[in-house]
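Below is one structure, written out as structure tokens; comments come after it.
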Amino acid sequence: GSVHTQWVVIDLVHPSLVDAIRISWGAPYARKFRTEYWKGADFDYLNANATGSWTAFPGGAVDHGRGGIATLRLCRSPVSARYVRILLLQGSGTTAGGSSDIRDRLGFAIRELYLGAEDKQGRLHDSIHHEKDAHDQTVMFTSSTDPWHRAGDRDPNIEQPGFERVFHSGLDNGLPVLMPVGVLYDTPDNAAAELRYLRARGYRVNQIEMGEEPDGQYTTPEDYGALYLQFATALHAVDPHIQLGGPGLQSATFGWRAWPDKRGDASWVRRFLTYLRERYRLSDLGFFSFEWYPFDDVCGPARPQLLVAPDLLRNLVAQLETQGLSHKIPWMITEYGYSSFAARQEVDIPAALLNAEIVGQFLTLGGNAAYLYGYEPDTLINEVSECKTWGNVTMLLADDDHQIKQRLPAFYSAWLMTHEWAQPGSAKPHEIYPATSSIKNNHGQLLVTTYATHRPDGTWALLLINKDPTSAYNIRLAIHRADTDRREPFGNAIDVYQYSSRQFVWHPNGENGHANPDLPPAHRVTSASSSAGIVLPPYSLTVVRQQRTGK
């Protein structure tokens, strides 16, 4: 029953002269609307330093719109603007073709937009690119979209595994599953039907994520919050005990931003939490989720990115805490990887190092779970036009028929984390403890990072990541007990698992790139008290685990 002002934002990419807009309305059209432009630094939901505000055009107010094709002179002299927003305040409630379906008379319909500057003859010089190809068309963002789909919307080239395939594949490892539902592009009824189906089949699902990167769609936290609560109501009507969460935000190394509200607050997370709290529905947020692909620049060298990666995640977690997100609910990374863009790093050793670091650091910082993206076997692609880098976000290199050809470093990194660092298949919690290393470069950046877990079977396991591509390091291990301020030996017999260029070397060759050798991590048993120490090869992952005793 609440009113959410709808809007359309036109992104011209570069500042352009604007003094007029032409709107070709469909049905329903807007009887009342306002036109504004963004004044200030270019807004970007990834840019923490962007500041500015929406400014009304002097002639941008319409209170008695009649639909059709309407040209509006916005100001006497053109202004330079990149973003222009139409605030849609009151709809006509009319339909096309005499439809009796209520969905056809809700909201607003715009057939086409034209924006630019008029010349002395009153001709509009349009700054919008009108193309059938989405990559060439000027980008426009809307506050919401019609979630109803037609048969023609199906894409036969996109494959999605069904629930049965997922649950029968063994991917769940016998543990409860986190399952997603659509929000921006689906309906509460569909979400409820999905949960009823899963319950009827007896599948173990204890959490549902409600989110589709709403920040990346420029959806305001209030609009998403309204949808979130509608879905929560529908899902809890099916199962009052199911844990719900979201929003599944995109990666944003500087935090998540929204168009500033009337108070100037641009924090997406803080405003979303405030929306739920003001409606006494904060308890419906059972967990908080986001994606983590820290690097968009995949043309540069991997070494400096690997060194700065821990700072990016640490700063983000600290920012979330200052914005009011509580650790009383679980925090989850529901997709992670090196980058959301295909690149060589993702099929080479850097992916193994960064993927392991993300899990180890996030859990050490108080996170509760992390889900790797890229289980499907896939081929190499060249996605980034700026450089000739071939790769993909995958653990398994496939041929053209999507049959597995080779296991990649991301696979073996995940295997080490889930089989040797963590205890596989255990429903009991692991205890995560801080671990330190003193191996740094001249800039004070850690070249070797380490993460410790106390497994349910009573053993300690250490993850050691050497991010130096050229140097090996000899290390010794000890456990520092805070209660006695004493250092104790890590153990007698220990299992050492290592993965480095001794096991894997990538040979780039465009779409025919391949690995040789391509071996699993090496394993040996040694003593933690050995005077020889443990050598960490360049660019390597090492897991050191105490051998389980009879205690």
Side-chain angles (χ1 to χ4, degrees), residues 1-9 34 36 43 45-46 48 50 53-54 85 87-89 106-108 141-145 147 180-188 191-192 207-237 240 242-252 254-291 316-317 319-332 334:
S2 58
V3 176
H4 287 260
T5 300
Q6 301 300 292
W7 49 261
V8 176
V9 170
R34 302 287 183 266
E36 306 169 320
F43 179 84
Y45 65 94
L46 298 177
S53 60
W54 289 109
R85 181 169 76 170
L87 284 179
L88 303 161
L89 304 177
L106 295 175
F108 308 85
F141 299 94
T142 62
S143 52
S144 62
T145 188
V181 300
V183 173
L184 297 182
Y185 303 104
D186 216 326
T187 66
Q207 296 169 319
I208 289 183
E209 182 186 39
M210 300 191 292
E212 298 146 280
E213 305 172 353
D215 56 316
Q217 311 300 321
Y218 285 90
T219 304
T220 64
E222 292 78 15
D223 283 343
Y224 172 80
L227 292 171
Y228 183 95
L229 294 182
Q230 291 182 36
F231 277 72
T233 299
L235 289 165
H236 277 148
I242 191 75
Q243 188 181 57
L244 308 175
L249 298 170
Q250 282 186 310
S251 299
F254 298 105
W256 294 279
R257 294 172 54 81
W259 300 106
D261 61 13
K262 294 180 180 180
R263 296 170 294 182
D265 187 2
S267 167
W268 206 102
V269 173
R270 181 168 50 239
R271 284 168 51 185
F272 173 57
L273 295 174
T274 298
Y275 185 88
L276 299 186
R277 186 181 299 109
E278 288 178 346
R279 284 148 186 81
Y280 304 99
R281 297 285 299 273
L282 195 57
S283 61
D284 282 292
L285 184 67
F287 62 87
F288 177 82
S289 65
F290 63 97
E291 301 172 1
L316 179 71
V317 168
Q319 185 180 128
L320 288 172
E321 291 170 343
T322 62
Q323 292 176 353
L325 188 63
S326 170
H327 280 285
K328 292 181 180 179
I329 63 171
W331 294 21
M332 299 183 187
T334 45

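- Residues satisfying the side-chain contact (heavy atoms from CB on, under 4.5 Å) test with Arg277, not counting sequence neighbours, are Leu273, Thr274, Leu282.
- Across Gly245 and Leu285, no two heavy atoms sit closer than the pair CA-CD1, 4.2 Å.
- Looking at heavy atoms from C-beta onward, Gln217 lies in side-chain contact with Tyr185 at the 4.5 angstrom threshold.
- Leu106 meets the side-chain contact (heavy atoms from CB on, under 4.5 Å) test with Ile102; sequence neighbours excluded.
- Arg257 and Trp268 make their closest contact through O-CD1, 3.8 Å (heavy atoms, listed as atom of the first residue, atom of the second, distance).
- When atom types are taken as modelled, the side chain of Trp7 and the backbone of Phe141 share no donor-acceptor pair closer than 3.5 angstrom.
- Applying the salt bridge (charged side-chain N to carboxylate O under 4.0 Å, His left out) definition to pairs two or more places apart or across chains, those involving residues 217-236 are Glu222-Arg271.
- Counting all heavy atoms, side chain and backbone alike, Ala232 lies closest to Asp284 at CB-OD1, 3.8 Å.
- Between Ile242 and Gln207, the shortest heavy-atom distance links the atoms CD1-N, 3.8 Å.
- Arg85 and Ser143 form no side-chain donor-acceptor contact under 3.5 Å, judged by distance and modelled atom types alone.
- Looking at residues two or more places apart in sequence or on another chain, you find a side-chain contact (heavy atoms from CB on, under 4.5 Å) between Leu227 and Val183, Leu184.
- For the pair Phe290/Asp215, no side-chain contact is recorded, criterion being any heavy-atom separation below 4.5 Å from C-beta on.
- In this structure, the side chains of Glu209 and Met332 stay at 4.5 Å or more apart for every pair of heavy atoms.
- Between Val269 and Leu320 there is a side-chain heavy-atom pair separated by less than 4.5 Å.
- By the 4.5 Å heavy-atom criterion applied to side chains, Pro214 and Leu249 are counted as neighbours.
- Atom CD of Gln323 sits about 5.0 Å away from atom CZ of Arg270, to the nearest 0.5 Å.
- Between Val181 and Asp186 there is no side-chain heavy-atom pair separated by less than 4.5 Å.
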Requested in this report: Please lay out, stage by stage, how Val8 and Phe108 fare under the test side chain to side chain contact (heavy atoms under 4.5 Å, CB included).
Outcome: CA-CA 10 Å; Val8 176; Phe108 308 85; over 6 Å; no

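- Interatomic distance, CD of Glu36 versus CH2 of Trp259, reported as 11.0 Å (0.5 Å rounding).
- The two residues Pro330 and Gly286 come nearest to each other via the heavy atoms CD-O, 3.1 Å.
- Partners of Glu212 by salt bridge (Lys or Arg N to Asp or Glu O under 4.0 Å), not counting sequence neighbours: none found.
- Note that CD of Gln6 is 7.5 Å distant from CG of Leu88, once rounded to the nearest 0.5 Å.
- Taking the six-membered ring where the residue is Trp, Trp331 and His327 present parallel rings, their angle staying beneath 30° rather than reaching 60°.
- The nearest pair of heavy atoms linking Phe231 to Ala191 is CD2-CB, 3.7 Å.
- Put simply, CG on Leu229 and CZ on Arg279 are 7.5 Å apart, with the number rounded to the nearest 0.5 Å.
- Not counting sequence neighbours, the partners of Tyr228 by the ring-ring contact (aromatic ring centres under 6.0 Å, His included) test are Tyr224, Phe272.
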